[in-house]
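All ligand and atom numbering here is 1-based and tracks the order in the structure.
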Amino acid sequence: MSQLGETAEELPRPERFADVAGWFSPVDQLLFDWFLRRQDEREQRGDLLELGAYLGRSAIFMGGYLREGERFTVCDLWDSPAVDDPNSAELSFSYPTLTRRAFEANYLSFHDELPLMVQGPTSVITSHVGPCSCRFVHVDASHLYEHVTGDIASTREVLLTDGVVAFDDFRSEHCPGVAAAVWGAVAMDGLRPIVITGSKLYATWGDPDRARQELLRWLKTRKDLWHAVDQVAGAPLIRIKGKDVESPTPPVSRHGAPRGHDSFLSSRGSAARRLARDFLPPVLVRALRSSRRRTS
Ligand SMILES: C[S@@+](CC[C@H](N)C(=O)[O-])C[C@H]1O[C@@H](n2cnc3c(N)ncnc32)[C@H](O)[C@@H]1O
């Protein structure tokens, strides 16, 4: 199945969240889930924003936490030209066949309505998202220093005081500009890190202490996550690693097989499924699988 097609026939039709192309590791899915559920439990209201949506992997996940009366905005260039040459080179190298329609097809496979889609450079985002309106922002657009510093300034403007921001690729060798911009904001702009994973740094411009303490309590209950606390720039910073992490339940695709059918015969899962695979005649297993493919 192509994720990047141009014609209707080639548009993606993901059957499972795992079919959506993108970069969003299980450990970060767990942390998004932890922060967004915590906001829900604390009845913290506010909008969601993603800068850099690509084909929708992280957006689809975030969309599952949107509540009545809240707005989810995603901003991406998709198939529009970039505003400068370095950004243009970054796009043609990393996302050569990305299209807005592919994002829409993916997103609508999991949710009934699209988020507000701002197709353009992230520098325009504050014209679409109001000041102090967001409880959670995911920054994952250009990885060039000049763009990321702009995204940080916009995020600071739109984020509520107790809101949380997640920065992607804050330490990767291929994008030193993100590291420079994010740690620059920590040193100079009052950004306060809470936790880091291998790919993302989670921070706030509010008070990080309570979230850190609650996160540490939760981490003690997770045998699948390694963690440690370092002192960085005079404050504790939680570090998390987890290779064989159990992801939170992913959003469900409308193209997936009906319950009790796909789930019954998929390759991973319950003892009942394994028993069925082992003891049903192969011809029956194959027939059920192919009828599942025809109906999905
Ligand atoms: C790493 S991908 C996003 C991945 C996505 N969040 C996920 O987890 O699957 C980065 C995205 O940023 C977009 N992008 C790059 N520069 C941009 C800019 N200046 N303004 C808006 N979007 C940009 C690219 O088109 C690409 O879709």
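Legend: residues meeting side-chain hydrogen bond (donor to acceptor under 3.5 Å, both in side chains) with S172, ordered by chain and number and at least two apart, are D169.
Atom CG of D151 is separated from atom OG1 of T122 by 3.5 Å, given to the nearest 0.5 angstrom. Here the CZ atom belonging to R171 is positioned 12.5 Å from the NZ atom belonging to K200, to the nearest 0.5 angstrom.
When all heavy atoms of Q44 and E70 are compared, the closest pair comes out as O-OE2, 4.4 Å.
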Name each N or O atom in ligand 1 that is under 3.5 Å from a protein N or O, and give the partner atom and the distance.
from     : atom 1 : to   : atom 2 : distance (Å)
ligand 1 : 6 (N)  : G52  : O      : 2.9
ligand 1 : 6 (N)  : S58  : OG     : 2.9
ligand 1 : 6 (N)  : D140 : OD2    : 2.8
ligand 1 : 8 (O)  : W23  : O      : 3.1
ligand 1 : 8 (O)  : S58  : OG     : 2.9
ligand 1 : 16 (N) : N87  : ND2    : 3.1
ligand 1 : 16 (N) : S142 : N      : 3.4
ligand 1 : 19 (N) : N87  : OD1    : 2.8
ligand 1 : 20 (N) : T122 : N      : 3.1
ligand 1 : 22 (N) : L77  : N      : 3.3
ligand 1 : 25 (O) : D76  : OD1    : 2.7
ligand 1 : 27 (O) : Y54  : N      : 3.2
ligand 1 : 27 (O) : D76  : OD1    : 3.3
ligand 1 : 27 (O) : D76  : OD2    : 2.7

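A cation-pi contact, defined as under 6.0 Å to the ring centre and within 45° of the axis, is absent between R254 and F110.
Within the 4.5 Å cutoff, no side-chain heavy atoms of V74 are placed close to those of L116.
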